[in-house]
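Let me begin by presenting the structure, written as structure tokens, before commenting on it.
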Amino acid sequence: MPTIAKTGNEAMAEAMRQIDPDVVAAYPITPATEVVMIFSQFVADGLVGTEFVAVESEHSAMSACVGAASAGCRVMTGTSSQGLQLMSEILPIASALRQPIVLCEVNRALSGPINIHCDHSDTMAVRDFGWIQLFSENAQEAYDNILQLVRITENEKVRLPGMATTDGFIISHCMEKIESLDDAEVKKYIGDFKVIKSTLDLDKPITLGSLDLQDYYFEHKMPIVEAMKEAKQVILEVGKDFGQRYGREYGLIEEYKLADAEIAMVALGSTCGTARAVIDELREKGVKAGLLKVRAFRPFPAEEIVKALAKVKAAAVLDRSDMFSNQGGQLCCEIKSAMYDLKQKPLLTNYVYGLGGREISLEDIRKIFAEQQGTASSGKVKQAVQHFGVRE
Amino acid sequence: MPTLKDLATRKDPLTGGHRACAGCGAPIIVRQVLMASKEPVVVTSATGCLEVVTTIFPYTAWNVNFLHNAFENSAATCSGIEAAYKSLKRKGKIKAEKINFVAFGGDGGTYDIGFQSLSGAMERGHDMLYVCYNNEAYMNTGIQRSSATPKGASTTTAPAGKVQPGKVQFSKNLTEIMVAHDLPYVAQSAVGFWRDLTTKAEKAFNTQGPKFINVLQPCRLGWAYDPSKTCEIGRLAADTCIWPLYEVENGKYKLTYKPKEKKPVTEFLKLQGRFRHLTKPGNEAIIEAIQKEVDRRWQNLLVRCGEAPKAS
């Protein structure tokens, strides 16, 4: 297993090269541009057999992906922020057509004001479109998540599109040491694409994208509901199998020193790395702190999160996005909703942080944990939703 | 050029029993275009009348592979299928037989919201034919103006009222914009000229690369005329030179239909309810302006086709 130095974008592009999709249709956008650029060079150098469609917009990128996927192809693309929003009209069409398209998403704040740095508003804005969403803590996970997404999305029980995300610049542009698989191993791991139906099958003409009114639409949405349920188990199986094969096991969530923790942090993406460092410090001081990293946001691992936090007294849920509903961020709202039926639940404080790439430091995390200690001992949440790190 | 006998022996790509209005020109266009293909076809369509009347689940009128994605992306979607075909053929995953890829869109899905997608797909050089069934307004949503709507026509978003006589602007000349893309084949045709359209479609299918055909489609509902007159109105559009029939092959213009006698625009306007208000006293100037613009565009076209000397 070769060890290489790659940025998050390079790691994703490398995974794409090894997957060698039949069709890639993509459009550049900071900070995901490199994924498309690097992959274009692979095409230009004949390192992949992919038909690369350099479209004139992200809307056309996703439209061409849907066209290509309808024709029985393994299809990939990559984007970020405004690009994902421009695709968003077509995203639920891809899931409704049960197309296992894999998207490399680099999390970036939404305009306006325009900003190119990391937050999770873009990915959160498309969370309800029937796409699998996996967050990555670092470049290694970005690479592993893309490979696993091929298996997850193409699983017969799932057959939904999926996106693996990295945090813009924090992961996408930072060089890290990653372990990659050999090309032949990736080929073996992902296997051949299984065509279920195809607009290129001339013997069996099909009509896709029919007008579907009151008497059928609802029934046609139910398979997505069911596939998302199945997806939880499939993500677990694929993550476990990946661990057995290559030594890095993945689940829907990851617990770090959480088993006996009294206070906890719940987060998505790169911030989990910073949290680990602070937790190690606190543990040395005898503070029982732990981390719950949420890897899969869709499907949402509600039961798993509830179980993991069951014994925690107080938890800080970090959201790098705001719903502008006066209820804080998406992650915390979903967790609170998952805990509704519990008689005894941890005291949750929602920290909306890091919008537009505002940095979160070790000191910030220390401060948040200190506040959790206060909440745990007082038994009271001071302020349910805080906008953390924002100037008055 | 396909003969009627040839066409009669080919499998109908679109079955009867679809839900288009009586007298609708769109299915006529679809049949004439697709039946001109000797090879199998794969079709995409923009959201609009064509998609709505042919695909109400659980029924389909399509006997060929068909994909509807959204409103503004028929061209991009078709380009994705064409890319898939190239990729799979190169990898030996599908048979190497020739397939013709055809994207349909109404004028809303082509001139307006789908314009970028069309321009992009054509520039990228996909081997596909884009056909606009141009009924000169957003008919599916109830007759709203588009950039293809002619001056003076009353639509529900540019209605004829007390102070405004329907649409103020002239239509966008999309065919010329597509010519400016330097495509190997661009043509304009109309319902009512089956031989003209099938010949052009066949020519397009025999041409490698991106092709565009703009077909005028009288709409009995939006244009408000007797459903039996669809073909007659299509022919009048050509005879008045409002909608000239021509083609541009590798940059070379050719007039494919020259009216024996150029009729005044009023011959076309008077049969249609959408222009009825123009016959009221006080609106003469609008008809004059329409005639003047039609004459100007026609004269320009004649020059391009080498049918008239260039003005000095």
Side-chain angles (χ1 to χ4, degrees), chain A residues 20-25 27 48-75 77 87 89-90 92-94 96-97 101 192-193 195 197-213 215-217 219-220, chain B residues 13 19 39-45 47 51-95 97 99 101 103 114 116-124 126:
Chain A
D20 192 4
D22 299 313
V23 174
V24 169
Y27 190 78
V48 286
T50 307
E51 187 66 25
F52 178 65
V53 191
V55 284
E56 85 298 334
S57 72
E58 289 89 354
H59 194 282
S60 285
M62 190 44 62
S63 301
C65 284
V66 166
S70 82
C73 279
R74 183 175 271 153
V75 180
T77 186
M87 284 182 180
E89 185 205 12
I90 310 304
I93 297 173
L97 290 170
I101 298 166
D192 289 332
F193 183 76
V195 181
K197 56 191 171 190
S198 165
T199 48
L200 290 179
D201 184 351
L202 303 170
D203 299 328
K204 283 181 270 172
I206 45 166
T207 294
L208 293 175
S210 295
L211 178 65
D212 205 33
L213 300 174
D215 41 0
Y216 287 99
Y217 180 92
E219 282 71 22
H220 289 158
Chain B
R19 305 183 192 199
E39 297 86 14
V41 294
V42 174
V43 174
T44 64
S45 171
T47 307
E51 161 261 335
V52 165
V53 303
T54 57
T55 72
I56 299 185
F57 192 88
Y59 306 104
T60 179
W62 295 93
N63 290 322
V64 295
N65 279 312
F66 173 91
L67 171 62
H68 158 250
N69 189 349
F71 190 7
E72 67 279 59
N73 62 0
S74 185
T77 305
C78 195
S79 81
I81 302 183
E82 189 261 1
Y85 167 76
K86 268 198 246 169
S87 175
L88 296 177
K89 199 165 84 169
R90 196 167 53 228
K91 293 178 176 179
K93 291 182 185 171
I94 52 167
K95 281 189 273 178
E97 64 187 310
I99 298 176
F101 297 95
Q116 173 182 322
S117 168
L118 168 65
S119 179
M122 295 286 109
E123 182 274 333
R124 291 194 298 274
H126 296 279

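Numbered from 1 within each chain, the chains take letters A, B, ... in sequence-line order.
The choice from A:Leu213, A:Asp212, A:Leu208, A:Leu97 that makes the most heavy-atom pairs within less than 4.5 Å of chain B is A:Leu208. Of the residues considered (A:Val195, A:Val55, A:Asp201), A:Val55 shows the highest number of contacts with chain B, using heavy-atom pairs under 4.5 Å. Options B:Thr47, B:Ile94, B:Thr44, B:Thr60 differ in how many heavy-atom pairs under 4.5 Å they form with chain A, and the most are formed by B:Thr60. Options A:Ala54, A:Ala25, A:Ala69, A:Ala94 differ in how many heavy-atom pairs under 4.5 Å they form with chain B, and the most are formed by A:Ala54. Considering only heavy-atom pairs separated by less than 4.5 Å from chain A, the leading option among B:Glu51, B:Lys86, B:Glu72 is B:Glu72.
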Decide side-chain hydrogen bond (donor to acceptor under 3.5 Å, both in side chains) for A:Glu56 and B:Ser119; before the verdict, give the C-alpha distance in whole Å, the side-chain angles of both, and the deciding distance to 0.1 Å. CA-CA 9 Å; A:Glu56 85 298 334; B:Ser119 179; over 6 Å; no
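Contact record, B:Ile81 with A:Gly67: CG1-O, 3.3 Å, taken as the closest heavy-atom pair. Considering all non-hydrogen atoms of both residues, B:Ala70 and A:Ile90 come closest at CB-CD1, 3.7 Å. Between A:Ser198 and B:Asn65, the shortest heavy-atom distance links the atoms O-OD1, 4.0 Å. Nearest heavy atoms, A:Leu200 versus B:Ala84: CD1-C, 4.3 Å.
Residues A:Leu202 and B:Glu97 have side chains in contact (heavy-atom distance under 4.5 Å, counting atoms from C-beta outward). The closest side-chain heavy-atom distance from A:Pro205 to B:Trp62 is not below 4.5 Å. A:Val66 places none of its side-chain heavy atoms less than 4.5 Å from the side chain of B:Asn73.
Interface remark: A:Thr207 contributes backbone and side-chain atoms alike to the contact with chain B (heavy atom separation under 4.5 Å). For chain A, the nearby part of B:Leu88 is the side chain; its heavy atoms alone come within less than 4.5 Å. Contact of A:Ala96 with chain B is not made at all, since no heavy-atom distance falls under 4.5 Å. At a 4.5 Å heavy-atom cutoff, the contact between B:Val52 and chain A is made by backbone and side-chain atoms alike. Contacts of A:Asp192 with chain B are absent, with no heavy-atom separation under 4.5 Å from either backbone or side chain. Proximity to chain B (any heavy atom under 4.5 Å) is restricted, for A:Ile93, to the side chain, taken from C-beta onward. Contacts between B:Glu123 and chain A at a heavy-atom distance below 4.5 Å are absent for every atom of the residue. Using a 4.5 Å cut-off between heavy atoms, B:Ile99 contacts chain A through its side chain alone, with no backbone atom that close.
The closest donor-acceptor contact from the side chain of B:Arg90 to the backbone of A:Gly49 lies under 3.5 Å. Under the 3.5 Å distance criterion, the side-chain polar atoms of B:Thr55 are matched with a main-chain donor or acceptor of A:Leu211.
Here the OG atom belonging to A:Ser210 is positioned 12.5 Å from the OH atom belonging to B:Tyr59, to the nearest 0.5 angstrom.
The ring-ring contact (aromatic ring centres under 6.0 Å, His included) pairs that include a residue from residues 71-91 of chain B are B:Tyr85-B:Phe101, where partners are two or more places apart or lie in different chains.
Residues satisfying the side-chain hydrogen bond (donor to acceptor under 3.5 Å, both in side chains) criterion with A:Asp22, sequence neighbours excluded, are B:Lys91, B:Lys93.
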